[in-house]
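See structure below.
Numbering of ligands and ligand atoms starts at 1, following listing order. Along the sequence shown, the residues carry numbers beginning at 1.
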Amino acid sequence: MRKIETSLAAATIEAPKTTAEGIGAEGVIRPAGSGRSKPTKDPYNPDFIRPLTFEEAYPKCTKEYIPVTHEGTGEVMSVPFRRIHLADTDPGCEHLDLYDTSGPQGVNPREGLPKLRKSWVGRREQKGDATPTQMWYAKQGIVTEEMAYVAAREGMDPQFVLSEVARGRAIIPSNKRHLELEPMIVGRNFKVKVNSNIGNSAVTSSIEEEVEKLQWSTLWGADTLMDLSTGKHIHQTREWIMRNAPIPVGTVPIYQALEKVDGIVENLTWEVFRETLIEQAEQGVDYFTIHAGVLLRYIPMTASRMTGIVSRGGSIHAKLCLLDHKENFAYEHWDDILDICAKYDISLSIGDGLRPGSIKDANDEAQFAELLTQGELTRRAWEKNVQVMNEGPGHVPLHKIPENMRNQLDWCSEAPFYTLGPLTTDVAPGYDHITSAIGAATIGSLGTALLCYVTPKEHLGLPNRDDVKAGLIAYRIAAHAADLAKQHPRAQEWDDALSKSRFEFRWEDQFNLAMDPITARAYHDETIDSDAGKNAHFCSMCGPKFCSMKITEDVRAYAREHGYGVDEKVFEVGMENMSKEFAKVGQVYTEETELANKLGKE
Ligand code: SF4
């Protein structure tokens, strides 16, 4: 028998030791919290771990595709979504369709994902377009395949997508070398998106584990992914990630550039950095984080900070500036960087190297000085038709968040904002996915387009697969809460479907509609794990006598039977009757409750 256990952070599946053809020697899903996989023996022939499947993560769901015809070329594209099949018999309520990031399923990572964009990019290359960026096409009034694809995914008009991309208010990160990509859009007038960070370090992880984290990320709803590897086999790790990524992949190229000079900052030059940009561009990286706004004159502004410069990239550039007392080479060579990005259609994620690393440092002079420079760099990128987003903080208390959003919109001409959290307090290491999801929901509701997740391991260690899931679920909650607050079309459909299933005691539907169905079901099973319990009109929280939803159901039935028509009157009479019941019983948990729970378990 397969056993499924979950905790808030993780889903553990101890599956039978089945061999998944071509995938790893054992093809077994590692137990959650089991630590790390073994080091990679052969980076060209990794021993991949069998991922949790779509069907295991999302019971009663199917992956479906809408056929969309691209008007310019006549190509018919298949745009994915997830359909949740429900037991609701009300007309139009038989299923719910959701945005889906999980990518093609059942693919052997050694072979890589299908090359969805091959013909799209091939046609453009044949025409010899010198600046094949989505922004350039949008400015010409050309709806690309990518624009039509994201329009269908978002339920928007392709012309609206085009106008947002042309205006720089949205980006479609899509390197022409990343042919496996299912295009997506980042912009404040679209669904709020979530970024997952993975990557090894010099201390831990392997290629197998990083590819597993990628698959885990897309399964649990990551819209974009950053490979922040700094350890062994950087190039080969990224190659496996790119060939298996259905979502845009970003990097911080200065990390690999530093590895190339054995970690000696003094030896880092523009030439090494440029060579690294081209190497990663050829592999298909969709967006680069470059900390070009960390200017020499801003560095002294961090001297009096509580936590100085906390960005890895920011601190490398700052050290380089100070060593030679020279301006940041990424700023000096910005036009060269733009030329590389324009050639491949790599989006720039202008880094926030001087972001605050503590509540005390939030919204200080250094942070906002860099943001102003980000604005200048953004407009220069647009002149060369390069797509841009701006990275933002960091650690910011709730009352200081709106100023961040206002300044970014104003100074960076409404380019998409991409924020790390922000973490709204410093006092909860081990729970920073929560401290930051609070800030993420707040800044998302104000217009931030992409939320970079934070895991429970923030400030403590390299996240493992289970931390990735905990961070992603926290951030998907934040993003969805922001969509609701912004009244994004269709966002509330999901809530309404789940509330209806909850009120109608369709437990199976409630689990299957949950953002994390495995955990929702496991928590219910903890106290009522029988099939009968899945039809009960109560749960172990209040028990059968005091289930408020059951009482409301009874009140409504009572009203129907007694011919009441006015809701207020119905509730008044119903609650009066229930109040008499309560007085009679005198306590919330009765023997009857326990008995019912027990029955439910059998
Ligand atoms: S018993 Fe309480 S928690 Fe459980 S379904 Fe009823 S109202 Fe909700």
Go through the structure and list residues passing ring-ring contact (aromatic ring centres under 6.0 Å, His included) with His459, not counting sequence neighbours.
-> His395

Mutual orientation of the aromatic rings belonging to Trp507 and Phe511 [parallel < 30°, tilted 30-60°, perpendicular > 60°] = tilted

Under 2.8 Å from atom 4 (Fe) of ligand 1, how many protein N, O or S atoms can be found?
-> 1

Here the atoms of ligand 1 under 4.0 Å from any heavy atom belonging to Ser548 are 7 (S)

Carboxylate-amine/guanidinium proximity below 4.0 Å for Glu508 and Lys534 = no

Determine whether the side chains of Asn195 and Tyr418 contain a donor N or O and an acceptor N or O closer than 3.5 Å.
-> yes

Just by distance, with hydrogens left out, do Gln492 and Asp483 show a side-chain donor and acceptor under 3.5 Å apart?
-> no

What one should report as the nearest heavy-atom pair of Leu423 and Ile359 is O-CD1, 3.9 Å

